[in-house]
Amino acid sequence: DNNTRTSNAVQVTLSPPVDLTVTNIVAPTAVKSSDKIDVTWTVANQGQGDATGIWVDKVFLQEAGNSSGQIIQLGAFDYGNGLGSGKFYT
């Protein structure tokens, strides 16, 4: 029975939260199926803490106005430079 002893209180300090948010997307409004397109986006850290580690930005395409339409992944992009509070990347 290991439930007969007590321990002292342990202080826990949480890190300030990180809030990575896509704040801007630039893409063509109309293309043909054979067209090549450029897509850019901006990710901002709107939280109080600094983001560390590596994460992946994924870009998907779906026909506008068709929520049940096919979803196509255009790419996955690793980001591992960290992102301080209030900072952004494009």
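Numbers here simply count residues along the sequence, with the first being 1. Owing to the predicted nature of the structure, the values given are computational and were not obtained by experimental measurement.
Listed by chain and residue number, Lys58, Ala76, Asp78 satisfy the side chain to side chain contact (heavy atoms under 4.5 Å, CB included) test with Val56 (two or more places apart in sequence, or in another chain). When the side chain to side chain donor-acceptor pair (under 3.5 Å) test is applied to Glu63, the partners found at least two apart in sequence or on another chain are Asn66. Scanning for ring-ring contact (aromatic ring centres under 6.0 Å, His included) contacts around Phe77 gives Trp41, with sequence neighbours left out. Residues forming a side chain to side chain contact (heavy atoms under 4.5 Å, CB included) with Gln46 (at least two apart in sequence, or on another chain): Asp19, Thr21, Thr23, Ala44.
For Gln62, the CD atom is densely surrounded, since the number of other residues' heavy atoms within 6.0 Å is greater than 12.
Minimum heavy-atom separation, Ala51 to Leu20: CB-CD2, 4.1 Å.
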What side-chain donor-acceptor pairs closer than 3.5 Å can you find for residues 31-40, not counting sequence neighbours?
| unit_1 | atom_1 | unit_2 | atom_2 | d |
| --- | --- | --- | --- | --- |
| Asp35 | OD2 | Lys32 | N | 2.8 |

Compile the donor-acceptor pairs under 3.5 Å between side chains in residues 83-90 and protein atoms, sequence neighbours left out, one pair per line.
| unit_1 | atom_1 | unit_2 | atom_2 | d |
| --- | --- | --- | --- | --- |
| Ser85 | OG | Gly47 | O | 2.6 |
| Tyr89 | OH | Trp55 | NE1 | 3.0 |
| Tyr89 | OH | Asp57 | OD1 | 3.0 |
| Tyr89 | OH | Asp57 | OD2 | 2.7 |
| Thr90 | OG1 | Thr42 | OG1 | 2.9 |

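If you chain together ILVMFWY residues whose side-chain heavy atoms come under 4.5 Å of each other, Leu14 ends up grouped with Val12.
Checked by atom type and distance alone, the side chain of Gln73 never pairs as donor or acceptor with a backbone atom of Phe60 at under 3.5 Å.
Using a 4.5 Å heavy-atom threshold, the side chains of Leu61 and Ile71 count as separate.
Following chains of ILVMFWY side-chain contacts shorter than 4.5 Å, one can reach Tyr79 starting from Val22, so the two form part of one hydrophobic cluster.
Applying the side chain to side chain donor-acceptor pair (under 3.5 Å) test to every pair with at least one member in residues 6-17, sequence neighbours left out, gives no pairs at all. Legend: ring pair (Phe, Tyr, Trp, His ring centres under 6.0 Å) pairs involving residues 4-34, not counting sequence neighbours: none detected.
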